[in-house]
Amino acid sequence: MAAPASPLHPLAAIAAALLVAAASAAAAASPVFPGVPPLQLQALRQRRPAGSRYVVAAAAKPFTAHYFPQELDHFTFTPNASAVFYQKYLVNDTFWRRAGPIFVYTGNEGDIEWFATNTGFMFDIAPSFGALLHRFYGESKPFGNESNSSPEKLGYLTSTQALADFAVLITSLKHNLSAVSSPVVVFGGSYGGMLASWFRLKYPHVTIGAVASSAPILQFDYITPWRSFYDAVSQDYKSESFNCFSVIKAAWDLIDERGSTGAGLLQLSKTFRACKTVKSVYSFRNWLWTAFVYTAMVDYPTPANFLMNLPAYPIKEMCKIIDGFPAGADIVDKAFAAASLYYNYTGDQTCFQLEDGEDPHGLSGWGWQACTEMVMPMTISNESMFPPFTFTYEGKSDDCFQSYGVRPRPHWITTEYGGNVSVVSGFQSVSPGVAFHILMQRIDLVLKRFGSNIIFSNGMRDPWSRGGVLKNISSSIIALVTEKGAHHLDFRSATKDDPDWVVEQRRQEVEIIQGWIDQYNEDLAQISK
């Protein structure tokens, strides 16, 4: 991917970075719990290569694909622990020079090629880049096609194992390239952004800094108000058109009412242009729900095809569709027409597969993670455009036990990476607003005392921003917030149509990264004297 002639010019000094992307291992198909959308998407089928320590396979430019023999369990010495699986990673070293920086994309819960090619920012600022695939996703499956088959196998799908994978692979890669002194900067968006920030905290000797875009590291315990995600989605639509918001809000009850009979399901199937008659009313709800939530996440100011092919400012376009109906038009027809923009903006779909379709985004592993450590409490308030929904840890635990035979550890993330769990026992005696404020202060203190060199970037159109770091924590833990930004918009390739505020955000990121690298090189020169 060619870097555009752009405002990212100041990064000439980092222009010879090695670019690496790494992946994770993939998990079992699982239900999506109401109110809790996965952060990211899309996986590949498994191939386990055989052969030497570094196995190279063909990959679409600008990457070459490699496979690294990774240990199954980094934290025990049981007989199983040293079993090997092959972790996929991608490398672009076209312009890299030895001792130049290494930029690493910490893989998400999906196909590494898909994420890497949607992370054009790294290409724009450095012609050399690499990405690492997260275990249990894409092709990095420890047990091949059986990786999904049982809790005994899925138990190795954790964020801590994934971070250890990255540390081992990066260290080995640097040694293999005779680049032991090269500074490493990690990048990640969404769940990958969480991993990038945690990697900097846990492995500061491996990376000099992290750029974490749209990383909701505060979406746990009682740190962030539980209703905030769906309130944010609703506000996005309301800000475009109150009528648009009201139509979507009114559609759910009508769908439930009409879908309560066989004849009603048949009629709704026709309204929704279903490829075959839909069996459950919840399928209509889920179809609309997905469209409205994901469109809010990717409400980009330029056309994009990250999740689906969408125009610039797709929420505005959805609301134009709703508001363009004549007075008295059917509410469900309006909601369907708006959601169709998400699924069929290109106009090539003659019908929609509402049930029994393939998982186009490879989200299966996220179900397991959300049922073990990635427990992000979410509720839906009466003010939202979605039907009200409550959350209890007990209910979540029972759902997960029914699905996987395991119960979550809901406070593990804040225990492992920072936050607070002690407030849980006394939470009822403190008003929610006060409790949230206390917790936010405490995680600020935690990060301020032992963290450094992290950029947290967020766009406030993205509902995940509410669980992100929105204020500077220290002089080196920086929050870059844009009012009109969406889900890791700053990581997308620069275009001639980018608004000035996106250009400026990326310029600031470049300047900070350059500062990290300059400081590292100065320190290295001092030590070498």
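In this structure, F187 has its ring center closer than 6.0 angstrom to the ring center of F103. Taking the centre of each ring, Y300 and H488 stay at or above the 6.0 Å mark. In this structure, Y203 has its ring center at least 6.0 angstrom away from the ring center of W198.
Between the side chains of D221 and T414, at least one donor N or O lies within less than 3.5 Å of an accepting N or O. Defined by atom type and a distance below 3.5 Å, a donor-acceptor pair is present between the side-chain atoms of D490 and S457. Side chains of R409 and T415: a donor-acceptor N/O pair is absent below 3.5 angstrom, by distance only. Side-chain contact, Q514 with D518: a donor N or O sits under 3.5 Å from an acceptor N or O. When only modelled atom types and interatomic distance are considered, T346 and N309 share no side-chain donor-acceptor pair under 3.5 Å. No side-chain N or O of D462 forms a donor-acceptor pair with one of S465 less than 3.5 Å apart.
Using bins of under 30°, 30° to 60° and over 60° for the plane-to-plane angle, the ring pair Y294/Y342 lands in the parallel bin.
Contact of the Q161 side chain with the H74 side chain is registered, since non-hydrogen atoms from C-beta on lie closer than 4.5 Å. Inter-residue side-chain proximity for T372 and T158 is flagged as unmet; no heavy-atom pair is nearer than 4.5 Å. Between P301 and Y313, the closest side-chain pair of non-hydrogen atoms falls below 4.5 Å. Using a 4.5 Å heavy-atom threshold, the side chains of K396 and P410 count as separate. You'll find the side chain of V406 reaches within 4.5 Å of the side chain of W368, heavy atoms only. Side chains of F456 and I478 form no contact here, defined as non-hydrogen atoms less than 4.5 Å apart. In this structure, the side chains of V211 and V186 stay at 4.5 Å or more apart for every pair of heavy atoms. At least one side-chain heavy atom of S228 sits less than 4.5 Å from a side-chain heavy atom of Q219.
Residues N80 and L72 approach most closely at O-CD2, 3.7 Å, considering heavy atoms. The two residues S190 and P216 have their closest heavy-atom pair at O-CD, 4.2 Å.
Atom CZ of R407 sits in a crowded spot, with more than 12 heavy atoms from other residues, nucleotides or ligands closer than 6.0 Å. Within a 6.0 Å radius of CZ in F450, other residues, nucleotides and ligands contribute more than 12 heavy atoms. The number of heavy-atom neighbours closer than 6.0 Å to CG of D348, taken from other residues, nucleotides and ligands shown, is above 12. For H175, the NE2 atom sits in a loose shell: 12 or fewer heavy atoms of surrounding residues, nucleotides or ligands are nearer than 6.0 Å.
No donor-acceptor pair under 3.5 Å is formed between the side chain of S397 and the backbone N or O of Y393. Checked by atom type and distance alone, the side chain of T171 pairs as donor or acceptor with a backbone atom of A167 at under 3.5 Å. The backbone N or O of S159 sits less than 3.5 Å from a side-chain atom of E373, completing a donor-acceptor pair. N472 places a side-chain N or O within 3.5 Å of a backbone atom of A479 that can act as its donor or acceptor partner. The main-chain N or O of G192 is found under 3.5 Å from a side-chain atom of T106 such that the two form a donor-acceptor pair. In this structure, T302 contributes its side chain and D497 its backbone to no donor-acceptor pair below 3.5 Å. Of the possible polar contacts, none joining the K88 side chain to the H66 backbone as a donor-acceptor pair under 3.5 Å is found. A donor-acceptor distance shorter than 3.5 angstrom exists from the side chain of D73 to the backbone of F75, with no hydrogens or angles considered. A donor-acceptor pair under 3.5 Å is absent between the side-chain atoms of Q369 and the main chain of M374, judged by distance alone. A donor-acceptor distance shorter than 3.5 angstrom exists from the side chain of R200 to the backbone of T207, with no hydrogens or angles considered.
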Dump the intermediate steps for salt bridge (Lys or Arg N to Asp or Glu O under 4.0 Å) on E509 and R506, then the final yes or no.
CA-CA 5 Å; E509 291 171 350; R506 292 178 181 139; over 6 Å; no
Evaluate the side-chain contact (heavy atoms from CB on, under 4.5 Å) criterion for residues Y89 and L169: first the C-alpha distance (whole Å), next the side-chain angles of each, then the deciding distance (0.1 Å), finally the verdict.
CA-CA 9 Å; Y89 66 101; L169 195 159; 3.8 Å; yes
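Salt bridge annotation for K202-E416: present, with a cationic side-chain nitrogen under 4.0 angstrom from a carboxylate oxygen.
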